[in-house]
Q: 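Can you read through this structure? Questions will come right after.
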Amino acid sequence: MDMTEISDEIPGEVAEVQEEERWKIFFDGSSYGSYGGAGIVFETPKKELLSFAFKLDFECSNNVAEYESLILGLRMAEELNLGAIDVKGDSKLVTNQISGDFQVKEAHFAPYRAEAQELIARRGSTIIEHTGRSTNKHADALDTLASKLQLNEADEGTRVVKIRALPSTWKEDASFELKDDWRTTYVEDLTREAEDQLLPVKVLKQFVVIRGELYFRTSGGALSRCVGKPEAQEILNRVHEESCGQTGGILLYRRLQRMGVYWPNMAVQAAVVQDKCDDCQAPP
């Protein structure tokens, strides 16, 4: 199958695509032995196909490979400054975790969902949905090729599949821009010996550091990414704007929980926003 790398030579009109002329991204990933492959296919508004494949040169499961392909596709869309996009994948677990319909309880999935959600929120005009494998054949063929490709140094100059040596969510350590970030105390305590910890053990048990990010574990075992004040305010405003006036009866706080984010007083802040909003208080 002929595969074409996406390059900066895509016409400049890409950024000026009208809202109704949406791009489509098909993603698929799979593991093969200890490694994996990721396939991404871009479909332009004119139905032209642009294909890309990655060899994941690190241990990963099928679901991790699916997340990798989604994140790589979103990053390329951001770099190319594409307009509105519809993202389609055949992994129900990934698409439902992103939408908040499925909780994330496995530690290795938490950073992937957080990264994908951040990319989607940063872009805007992005819709992600599940699609059957029969309509995702092109991406499926790409990830199969990528995962089965034998690594050979002699072929470096002719290889059409890019190689990823580290996961997309890799971070060296936790770092926060603000000195008074509430997460700092928790991260520092979690790295101390038990006798040197300042916070009660009962409180610390609710938190865990995964690849440099602090997460809060709910009573049901779901993992939520901890966010600082600036990001918390941005997320609160965005989710409220998206859901304001809807008659589904779902509290703003519950919507934030479904997104998999957490910060202190999140429930109180969400309630205040809804109480002060005339549209939220209006009867159905």
Side-chain angles (χ1 to χ4, degrees), residues 1-30 36-56 63-101 112-147 160-164 168-169 234-235 238-239 241-242 259:
M1 177 178 57
D2 182 31
M3 294 192 301
T4 306
E5 288 189 14
I6 299 175
S7 69
D8 291 333
E9 296 177 359
I10 292 179
E13 289 78 7
V14 168
E16 301 175 1
V17 173
Q18 297 297 319
E19 182 66 24
E20 64 272 12
E21 294 185 331
R22 303 179 69 88
W23 284 66
K24 291 181 181 179
I25 300 179
F26 297 88
F27 72 92
D28 196 16
S30 66
I40 303 107
V41 177
F42 287 69
E43 183 180 295
T44 73
K46 295 182 179 180
K47 305 301 181 181
E48 298 170 334
L49 297 180
L50 303 169
S51 307
F52 208 85
F54 289 86
K55 169 69 179 182
L56 306 178
N63 289 324
V64 167
E66 293 277 8
Y67 261 118
E68 283 285 346
S69 60
L70 168 61
I71 291 172
L72 289 168
L74 290 172
R75 286 180 177 174
M76 284 191 286
E78 187 175 61
E79 291 172 0
L80 295 169
N81 195 27
L82 298 186
I85 58 173
D86 294 329
V87 184
K88 300 177 182 291
D90 53 30
S91 171
K92 285 187 177 180
L93 181 138
V94 171
T95 55
N96 283 310
Q97 284 187 347
I98 296 296
S99 66
D101 293 331
Y112 280 104
R113 180 176 71 167
E115 179 69 17
Q117 286 181 332
E118 285 187 47
L119 287 167
I120 291 172
R122 206 157 59 216
R123 280 191 46 79
S125 300
T126 300
I127 298 174
I128 180 169
E129 60 183 2
H130 176 260
T131 184
R133 183 164 287 273
S134 61
T135 58
N136 205 22
K137 289 181 179 179
H138 199 64
D140 181 50
L142 281 178
D143 86 71
T144 300
L145 172 63
S147 62
V160 295
V161 179
K162 294 289 186 177
I163 296 178
R164 294 283 300 182
S168 296
T169 58
E234 186 275 328
I235 292 174
R238 172 165 49 83
V239 175
E241 182 179 346
E242 292 172 353
M259 284 189 60

Q: At what distance, to the nearest 0.5 angstrom, does OG of Ser125 lie from CG of Leu82?
A: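 Reported value, rounded in 0.5 Å steps: 12.0 Å.
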
Q: Rounded at 0.5 Å granularity, tell me how far CG in Asn63 sits from OG in Ser30.
A: 11.0 Å

Q: Would you sort out whether Ile128 and Ser99 count as a side-chain contact (heavy atoms from CB on, under 4.5 Å), showing the intermediate values?
A: CA-CA 8 Å; Ile128 180 169; Ser99 66; 5.8 Å; no

Q: State the CD1-CD1 distance between Ile71 and Ile120, to the nearest 0.5 angstrom.
A: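 One finds 9.5 Å between CD1 of Ile71 and CD1 of Ile120.
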
Q: What pairs meet the ring-ring contact (aromatic ring centres under 6.0 Å, His included) rule with one or both residues in residues 63-95, with sequence neighbours excluded?
A: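 For residues 63-95, and leaving out neighbouring residues, the ring-ring contact (aromatic ring centres under 6.0 Å, His included) pairs sorted by first residue read Tyr67-Tyr112.
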
Q: Quick test of your reading: applying ring-ring contact (aromatic ring centres under 6.0 Å, His included), list the pairs with at least one residue in residues 70-95, sequence neighbours left out, ordered by first then second residue.
A: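 Sorted result for residues 70-95: empty, none.
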
Q: When rounded to the nearest 0.5 angstrom, what is the spacing between CE in Met76 and CD1 in Ile40?
A: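 With rounding to 0.5 Å, CE (Met76) is 4.0 Å from CD1 (Ile40).
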
Q: Quick check: does any side chain N or O of Arg22 sit under 3.5 Å from a backbone N or O of Ile85, one acting as donor and the other as acceptor?
A: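 Checking the backbone N and O of Ile85 against the side chain of Arg22, a donor-acceptor pair under 3.5 Å is found.
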
Q: Output, in order, the C-alpha distance, side-chain angles, deciding distance and verdict of side-chain contact (heavy atoms from CB on, under 4.5 Å) for Leu70 and Ile98.
A: CA-CA 11 Å; Leu70 168 61; Ile98 296 296; 4.2 Å; yes

Q: So, for Ile25 and Ala77, which heavy atoms are closest and what is the spacing to 0.1 Å?
A: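 Where Ile25 meets Ala77 most closely, the heavy atoms are CD1-CB, 3.9 Å.
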
Q: State, to 0.1 Å, how close Ser69 and Phe27 come at their nearest heavy-atom pair, and which atoms those are.
A: OG-CD1, 3.3 Å

Q: Counting N and O atoms only, with roles assigned by atom type, does the side chain of Glu129 sit under 3.5 Å from a partner on the main chain of Thr95, one being a donor and the other an acceptor?
A: no

Q: Measuring from Thr44:OG1 to Trp23:CH2, what's the distance to the nearest 0.5 Å?
A: 5.5 Å

Q: Please give me the minimum heavy-atom distance between Ser51 and Val41, naming the atom from each residue.
A: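 Nearest pair, atom of Ser51 first, then Val41: OG-CG2, 4.2 Å.
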
Q: Could you go through Glu66 and Asp28, starting from their C-alpha distance and side-chain angles, then the distance that decides it, and tell me whether this counts as side-chain contact (heavy atoms from CB on, under 4.5 Å)?
A: CA-CA 5 Å; Glu66 293 277 8; Asp28 196 16; 2.9 Å; yes

Q: Using a strict 4.0 Å threshold on nitrogen-to-oxygen distance, state whether Arg75 and Glu79 make a salt bridge.
A: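 Glu79 and Arg75: not salt-bridged.
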
Q: Donor-acceptor check, side chain of Glu78 to backbone of Leu119, threshold 3.5 angstrom: yes or no?
A: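 Flag not set: sc Glu78 to bb Leu119 has no pair under 3.5 Å.
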
Q: For the pair Leu72 and Phe52, evaluate side-chain contact (heavy atoms from CB on, under 4.5 Å) and give the outcome as yes or no after the intermediate values.
A: CA-CA 10 Å; Leu72 289 168; Phe52 208 85; over 6 Å; no

Q: Just how far is it from atom CG of Leu93 to atom CZ of Arg113, taken to the nearest 0.5 Å?
A: 10.5 Å

Q: Are Arg238 and Met259 packed together at the side-chain level, in the sense that at least one heavy-atom pair is separated by less than 4.5 angstrom?
A: yes

Q: Looking at every heavy atom in both Asp90 and His130, which two are closest together, and how far apart are they?
A: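 Shortest heavy-atom contact: O-NE2, 3.4 Å.
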
Q: Do you know the tightest heavy-atom contact between Gln97 and Gln117?
A: O-NE2, 4.1 Å

